[in-house]
Amino acid sequence: MIEFTGLNLTAPDGCIVGVIENGSSALSSAAVAEPNLILRHTLATLGSVEKSREVGRLLRLRRAGATIVIVSHDEILLESCADEIWWIENGVLEARGDPSEVLERYRRHVSQILRATGAGTSGDESLPPLSPGMRKGDGRAVLEAVKLSSLVFTSGEPATVTVRVRFVTPVADPVIGILIRTRVGLNVYGTNTELEGLKMGPVEAGDVLRVTYRFQCDLCPGHYTVTAASHDPDGVWHDWMEDAVAFAVTDSRYTAGVANLKAKVEFTRQ
């Protein structure tokens, strides 16, 4: 058993308690007798194999009657081994109970904060400055804006990406496209006006084209980027902006991978 006097909480014998703590710390430095443990982000630096081994060791200690408190924001870790979760926000206990229920409530809280602080508006003045990782092309056109309907999406909600292109010289048959990637560079989805059957040319010097892509943002929670380009049908770039703008996707529960397929699960007992 471990007592935290500052919160008037007690972690019971033979239990793994996962703690998500934000803001000012309210976990007092309790005296911990062996074999009890308080781990503060200790497992965060470990690889998958080492972390699995350590979790196995913690489970063995729990079976032997030890009380273990894991302070971490690794929700997958906490969900896999904790008997209960404490969510502490600015020194106040917000929730305590079953891991799946508390973590779902916590994720909704995070999603609301992200949307409140990160969502854009419909005006161009709300856009963050474009900061592509790489830019290339022959200069016949300039990408002036790559705009998202929000910088934080809830998985499954409608989303739009708008690309505005100004042409410097005449172009017979311009193609404008987008590519969505994960933060580690995995291609998620890409399309362009040619693939979608839109013929926009010819255009003259000074013409501006505004192309809007609409889709359901059925992505798993995570961070993504949008790359945009204007080019000829044979692939010669006018202007290419690598990772022009970033956005995030949130959800009320954890889902692994990239595509949120929203499976319906059922079972029968044989």
Side-chain angles (χ1 to χ4, degrees), residues 114-115 117-250 257-260:
L114 288 174
R115 291 184 62 81
T117 58
T121 63
S122 59
D124 288 351
E125 67 279 359
S126 68
L127 292 172
L130 296 175
S131 54
M134 179 177 64
R135 192 165 190 172
K136 53 191 175 183
D138 60 16
R140 285 180 289 154
V142 177
L143 294 172
E144 292 189 327
V146 181
K147 175 183 165 185
L148 283 71
S149 53
S150 174
L151 298 182
V152 182
F153 296 98
T154 299
S155 182
E157 77 169 303
T160 64
V161 177
T162 302
V163 181
R164 189 173 70 230
V165 184
R166 182 179 298 275
F167 290 87
V168 178
T169 65
V171 176
D173 191 9
V175 178
I176 298 172
I178 60 169
L179 175 63
I180 297 174
R181 289 195 178 109
T182 67
R183 61 182 176 182
V184 295
L186 175 67
N187 291 345
V188 174
Y189 174 75
T191 189
N192 61 46
T193 52
E194 183 181 33
L195 292 173
E196 302 298 336
L198 296 178
K199 184 173 178 60
M200 302 180 296
V203 296
E204 300 298 327
D207 285 353
V208 176
L209 292 180
R210 178 186 175 99
V211 180
T212 300
Y213 301 85
R214 294 183 172 85
F215 54 92
Q216 297 298 120
C217 190
D218 289 325
L219 298 174
C220 292
H223 294 85
Y224 302 86
T225 64
V226 176
T227 292
S230 174
H231 57 86
D232 291 329
D234 61 2
V236 176
W237 297 310
H238 314 144
D239 194 11
W240 173 289
M241 298 182 71
E242 187 89 13
D243 299 335
V245 64
F247 68 98
V249 177
T250 67
V258 174
N260 190 352

Query raised in the report: Taking C-beta and beyond as the side chain, do His238 and Asp138 meet within less than 4.5 Å on heavy atoms?
Result: yes
Query raised in the report: Closest heavy-atom contact between Gln216 and Gly156?
Result: NE2-O, 2.8 Å
Report task. Test Thr193 against Tyr213 for side chain to side chain contact (heavy atoms under 4.5 Å, CB included), laying out the working first. Result -> CA-CA 9 Å; Thr193 52; Tyr213 301 85; 3.9 Å; yes
Report summary line: On a heavy-atom basis, the closest approach of Asn192 and Leu195 is OD1-N, 2.7 Å
Report summary line: Looking only at heavy atoms, the pair that brings Ser149 and Pro158 closest together is OG-O, 4.5 Å
Report summary line: The residue among Val163, Val161, Thr162 that forms side chain to side chain contact (heavy atoms under 4.5 Å, CB included) with Thr212 is Thr162
Query raised in the report: Are the side chains of Val165 and Pro174 in touch, meaning some heavy atoms are under 4.5 Å apart?
Result: no
Query raised in the report: Thr227 pairs by side chain to side chain contact (heavy atoms under 4.5 Å, CB included) with which of Asn187, Leu179, Ile178, Val146?
Result: Leu179
Query raised in the report: With a 4.5 Å limit on heavy-atom distance, are the side chains of Ile180 and Phe215 in contact?
Result: yes
**Report entry** Minimum heavy-atom distance between Ser150 and Phe247, given as atom pair plus value
**Finding:** O-CB, 4.5 Å
**Report entry** Any Leu219 side-chain heavy atom under 4.5 Å of Asn260 side chain
**Finding:** no
Report summary line: Between Ala259 and Cys220, the two heavy atoms sitting closest are O-SG, 3.5 Å
Requested in this report: Start with the C-alpha gap between Val258 and Tyr189, add the side-chain angles, then the distance that decides, and say whether side chain to side chain contact (heavy atoms under 4.5 Å, CB included) holds.
Outcome: CA-CA 10 Å; Val258 174; Tyr189 174 75; over 6 Å; no
**Report entry** pair Asp239-Phe167: side-chain heavy atoms closer than 4.5 Å
**Finding:** no
Report summary line: Separation between CZ (Arg166) and CD (Glu144), nearest 0.5 Å, reads 4.0 Å
Query - Candidate list Arg181, Lys136, Arg135, test side-chain hydrogen bond (donor to acceptor under 3.5 Å, both in side chains), partner Glu242, passing option - result: Arg181
Query raised in the report: Say you draw a straight line from CE of Met200 to CD of Glu194; how long is it, rounded to the nearest 0.5 Å?
Result: 9.5 Å
Report task. List the atom of Glu204, the atom of Pro170, and the distance in Å for their closest heavy-atom pair. Result -> OE1-CG, 3.8 Å
